[in-house]
Amino acid sequence: MDRLCMYSALVDLPFQKLQKWEANKKQLRETGGYKMKYKRTTLTLLLLIGALPFFISEYQASYSHPIDALMNSSIKQTDEIYQVKQVIVSSKRNDEVIFFYLNNDESITAAFVSKGLFGWKNGLQVTGSSSKISEVEADQYAKSHISVSNRIKFGLIASSDIADIRVDEEQATILPLDFYVNSSLPKKKIKLWYAISDEFSQNSKLEFINAQGEIMVE
């Protein structure tokens, strides 16, 4: 009987060691997993803290409506060419609204307002000498215009002969500005024209066409 018990103990000894080894391995695995989880959590918190100023800035610069983003940006501007005097028209494309407005310098400015994480945010604003109303001559039509990233082209005309404007065969929108222009310039009959596309060609073809379908300027 003593020999049998001794034999049984000798057989059980490796099994007990194996169980102990498996228990130690499990403990190490659980401890290592905890440490890895702790490291991941710490890294995530550090990234969030580092990005916090960006999120705060985005939140403060965002508004519920596109027009609010434009007007609040205008209030903060010190340059009068980016101060909104009168919004003329807007065009929405996906998560972007493009405004054309008359600024305090009596020029036309195009403004881009895009939708971000927390709402609408004012972005790029573009104007130029060719959009200044006082410099448009009576009965003028010319190729002088403003181009923005091959996506927008706009300008001013003061010719009653122009019935249509095309950019790369795409019809431009023409809007009379009589209501917005200073009453001291009643004879000019100035109009804003603009064309918007996903992307115009690098050398866009611009055509001014009269009521008879004749190309007056190409």
My understanding is that only residues two or more places apart in sequence, or in another chain, count here; which of them pass salt bridge (charged side-chain N to carboxylate O under 4.0 Å, His left out) with D198? R93
Has K115 got more than 12 heavy atoms of other residues, nucleotides or ligands less than 6.0 Å from its NZ? no
Inter-residue atom distance F208.CZ - I157.CD1, 0.5 Å rounding: 6.5 Å
Without placing hydrogens or testing angles, list every side-chain donor-acceptor pair under 3.5 Å for residues 96-104, not counting sequence neighbours.
{"unit_1": "E96", "atom_1": "OE1", "unit_2": "R151", "atom_2": "NH2", "d": "2.5"}
{"unit_1": "Y101", "atom_1": "OH", "unit_2": "Q125", "atom_2": "OE1", "d": "2.4"}
{"unit_1": "N103", "atom_1": "OD1", "unit_2": "D105", "atom_2": "N", "d": "2.8"}
{"unit_1": "N103", "atom_1": "OD1", "unit_2": "E106", "atom_2": "N", "d": "3.2"}
{"unit_1": "N103", "atom_1": "OD1", "unit_2": "S107", "atom_2": "N", "d": "2.9"}
{"unit_1": "N103", "atom_1": "ND2", "unit_2": "I81", "atom_2": "O", "d": "3.0"}
{"unit_1": "N103", "atom_1": "ND2", "unit_2": "S107", "atom_2": "O", "d": "3.4"}
{"unit_1": "N103", "atom_1": "ND2", "unit_2": "T109", "atom_2": "OG1", "d": "2.9"}
{"unit_1": "N104", "atom_1": "ND2", "unit_2": "Q83", "atom_2": "OE1", "d": "2.9"}

Honestly curious: do I108 and V87 fall in one hydrophobic cluster under the side-chain, below-4.5 Å linking rule? no
Look at the side chain of S62 and the backbone N and O of K121, then say whether any donor-acceptor pair between them is shorter than 3.5 Å. no
Give a yes or no on whether V89 and M71 share a hydrophobic cluster (residues Ile, Leu, Val, Met, Phe, Trp, Tyr; joining criterion: side-chain heavy atoms under 4.5 Å apart). no
Could you list the residues that satisfy side-chain contact (heavy atoms from CB on, under 4.5 Å) with Q212, not counting sequence neighbours? N210, E214
Rounded to the nearest 0.5 Å, the CD1 atom of I209 sits from the CG atom of D161 at a distance of 13.5 Å
For D164, enumerate each residue passing the salt bridge (charged side-chain N to carboxylate O under 4.0 Å, His left out) test, keeping only those at least two apart in sequence or located in another chain. R166
Ignoring hydrogens and angles, tell me if any N or O in the side chain of K92 forms a donor-acceptor pair with the backbone of N94 under 3.5 Å. yes
Go through the structure and list residues passing side-chain hydrogen bond (donor to acceptor under 3.5 Å, both in side chains) with S74, not counting sequence neighbours. none
Check whether L124 and I67 end up in the same hydrophobic cluster, where Ile, Leu, Val, Met, Phe, Trp and Tyr are linked by side-chain heavy atoms less than 4.5 Å apart. no
Are W193 and T173 side-chain neighbours, meaning at least one heavy-atom pair lies under 4.5 Å? no
Nearest atoms (heavy-atom pairs only) where W120 meets D95: CZ3-O, 3.6 Å
Minimum heavy-atom separation for I174 and A163, please, with both atom names. CD1-O, 4.2 Å
Distance-minimising heavy-atom pair for S73 and N122: OG-ND2, 2.9 Å
Nearest heavy-atom contact between S204 and D168 is CA-OD1, 3.3 Å
Side chain to side chain contact (heavy atoms under 4.5 Å, CB included) assessment of L206 paired with I165: CA-CA 7 Å; L206 178 60; I165 298 174; 3.8 Å; yes
Any side-chain to backbone donor/acceptor pair from N72 onto D68? Under 3.5 Å, distance only. yes
Does one hydrophobic cluster hold both V84 and F154, with members joined at side-chain heavy-atom distances below 4.5 Å? no
Connected via hydrophobic side-chain network under 4.5 Å: Y82 and F112: no
Sort out for me which residue in E207, K153, K205 forms a side-chain contact (heavy atoms from CB on, under 4.5 Å) with V167. K153
What one should report as the nearest heavy-atom pair of L156 and L177 is CD2-CD1, 3.8 Å
